[in-house]
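Since we're looking at a predicted model, the values are computed, not measured.
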There are 2 protein chains.
Amino acid sequence: MARKFITQDLPKCENCAIRKSSLFGEIDTFHLDKVRELRTSQITFNAGDYIYHEGDIPTRAYTLHQGWVSLFKTLEDGGRQILRFALPGDFLSYKSSNRALDHSAIALTDITLCAFPLDRFKTKLADLPELSIAISSVSEMTIQRCYSTLTTIASHNAEVKIAYLLLSLYIRETSLKQNQSEPIHLPITQEDIGDALGLTTIHVNRTFKGLQNKGLIECNNRNLHIPDQTNLAEVAKVNLESLKKLMVVV
Amino acid sequence: MARKFITQDLPKCENCAIRKSSLFGEIDTFHLDKVRELRTSQITFNAGDYIYHEGDIPTRAYTLHQGWVSLFKTLEDGGRQILRFALPGDFLSYKSSNRALDHSAIALTDITLCAFPLDRFKTKLADLPELSIAISSVSEMTIQRCYSTLTTIASHNAEVKIAYLLLSLYIRETSLKQNQSEPIHLPITQEDIGDALGLTTIHVNRTFKGLQNKGLIECNNRNLHIPDQTNLAEVAKVNLESLKKLMVVV
DNA sequence: CGGGGAGTTGAATGCAGTCAACAAATGTGG
DNA sequence: CCACATTTGTTGACTGCATTCAACTCCCCG
């Protein structure tokens, strides 16, 4: 595994471009000092590396600083169910109990993580109610997104599902960028889309091309542009404004 | 709406049969006093009553004391997606932020709720780190269950889905009872099962009867018995022990 | 006794999976 | 830099699970 630790000259949290969309967005500068002390290192992984495995008992929690990550369960038949894609700002591998993780995580691109050793982190929680509340708030967001995904997957056909997933990722990724009108890089394969939505790659391909032919999405060599988000939201059977509230922190 | 408030002579939390499987299971007797002060009333609803609606901003959180509740989203086309069934001990309607609820809740049976006004509850959180941690721990459980449901719904056919749902409910309900070998009362219709799993009632019916004919489940007038949980777990494509850990709170 | 909700069954349709083959893009080593 | 292997994407034909539509039964409750 090609992972690398950085323990010195760590970048400052105050100036971090993704802070506002991370766990620490709600924590003011005063308390941020205390939180930053909990961060011991940054860790980098290459695309394709496992960050952790289902069944592991985590020793560190992470804030994803750069890149995309796929969280998934392995099925009995060898298949995968992707639970969600993590983007910069996402909080990974945290468990309040000392139980095993129920899913694995793999880097989709080269990534950087900010690492927080869990033992110290948990003992600090009692002194930092702000942090507890921030974690609750992130958990709530995760639950809401999961229920929203569940609804899309359970009740709709492939076109709706794919439209929903692409629009969600597009909204999240553009919210992290300055120039919100240029295409985003989509570091996932059609197989990943299938594994996230419970569809075969073949059916994903047909439906994906269908969306392209209708002009609802534009995509070549993994660069995705959505010319009219309102149109795609209609196909995805969601209200665009609600989806933005769900996907964009702050 | 036939709801009724009880504000005097509230039953003691210490002796509550469901405490150990509720939010407060992890809170010791000393701190329990402080928590109990936050509970202002018990509220009863009749089967079929709404407890809250999607879009409401909650003023109270609840511990479900008695009965079953269905949590669901309403779809554009008028359909419903049931997100989960709540059983005694479940914590409902809590939001750390002041945002609107993303789903509605309806009583499946006559129910009793313990009510906690949210304003007081939230201000107390800073003084009671145990409570924050308990809430995080409940959130984590909810996320894990949701991901598990998502996996079943996305990747498997109707027989697997129904087997999974019935086994989950059976395990949860029997864990709350003394006599774990007698049938449980299942206060949900085949339509509810369909709305939870994204299937039509007709297909639920056919598949349900299939499970009966195979002897995997026994069910008449809403009394469900599972003669061999290991067999049904195999059909549901889950490991029985893992499912028990996921469904039973200590 | 009549009405409504829930459950049951059959036949026809359609969305998505499976199998098979191939094309394009990407990566690797000689 | 090219040859080859691997991964990813594309297309067609066939199969099957789940939906739709329609009709009907059972049972509880007023």
Indicate for each nucleotide in nucleotides 13-30 of chain D, in 5' to 3' sequence, whether protein heavy atoms under 4.0 Å reach the base (B), only the sugar-phosphate (S), or nothing (-). B----BBBBB--------

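- Proximity of a side-chain donor or acceptor of A:Asp228 to a complementary backbone N or O of A:Thr230 within less than 3.5 Å is detected.
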Indicate every side-chain donor-acceptor pair of residues 219-227 of chain A with a distance under 3.5 Å to a residue at least two apart or in another chain.
from     : atom 1 : to       : atom 2 : distance (Å)
A:His225 : ND1    : A:Tyr170 : OH     : 3.2

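- Remark: C1' of D:dT7 and CD1 of A:Ile193 are 16 Å apart, rounded to the nearest angstrom.
- By the 30° and 60° cut-offs, the orientation of the rings of B:Trp68 relative to B:Phe85 is tilted.
- Between B:Glu191 atom CD and C:dT8 atom P there is a gap of 14 Å when expressed in whole angstrom units.
- With rounding to the nearest 0.5 angstrom, the OG atom of A:Ser21 is 14.0 Å from the CE atom of A:Met247.
- Here D:dT8 presents its P atom at 12 Å from CD1 of A:Ile188, a figure rounded to the nearest Å.
- The closest donor-acceptor contact from the side chain of A:Asp110 to the backbone of A:Asn46 lies at 3.5 Å or more, if one exists at all.
- Here the straight-line distance linking atom CG of B:Leu101 with atom CG of B:Leu71 works out to 10.0 Å at 0.5 Å rounding.
- Whole-Å rounding puts the A:Phe208 CZ to C:dC15 P distance at 21 Å.
- OP1 and OP2 of D:dT7 both lie 4.0 Å or more from every side-chain N or O belonging to A:Gln190.
- In this structure a side-chain-to-backbone donor-acceptor pair under 3.5 Å is missing from B:Ser155 to B:Thr152.
- Distance, A:Asn220 CG to C:dA25 P: 11 Å, rounded to whole Å.
- Remark: A:Asn205 is not in phosphate contact with D:dG9, judged by side-chain N or O atoms under 4.0 Å from OP1 or OP2.
- Remark: side-chain polar atoms of A:Thr201 are not paired, donor with acceptor, to backbone N or O of A:Gly194 under 3.5 angstrom.
- For the helix from C:dC1-D:dG30 to C:dG30-D:dC1, the angle separating the two terminal helix axes comes to 40°, with each axis derived from five pairs and the value rounded to 10°.
- Remark: side-chain polar atoms of A:Gln144 are not paired, donor with acceptor, to backbone N or O of B:Asp102 under 3.5 angstrom.
- When rounded to the nearest whole Å, the span between CG of A:Asn213 and P of D:dT10 equals 10 Å.
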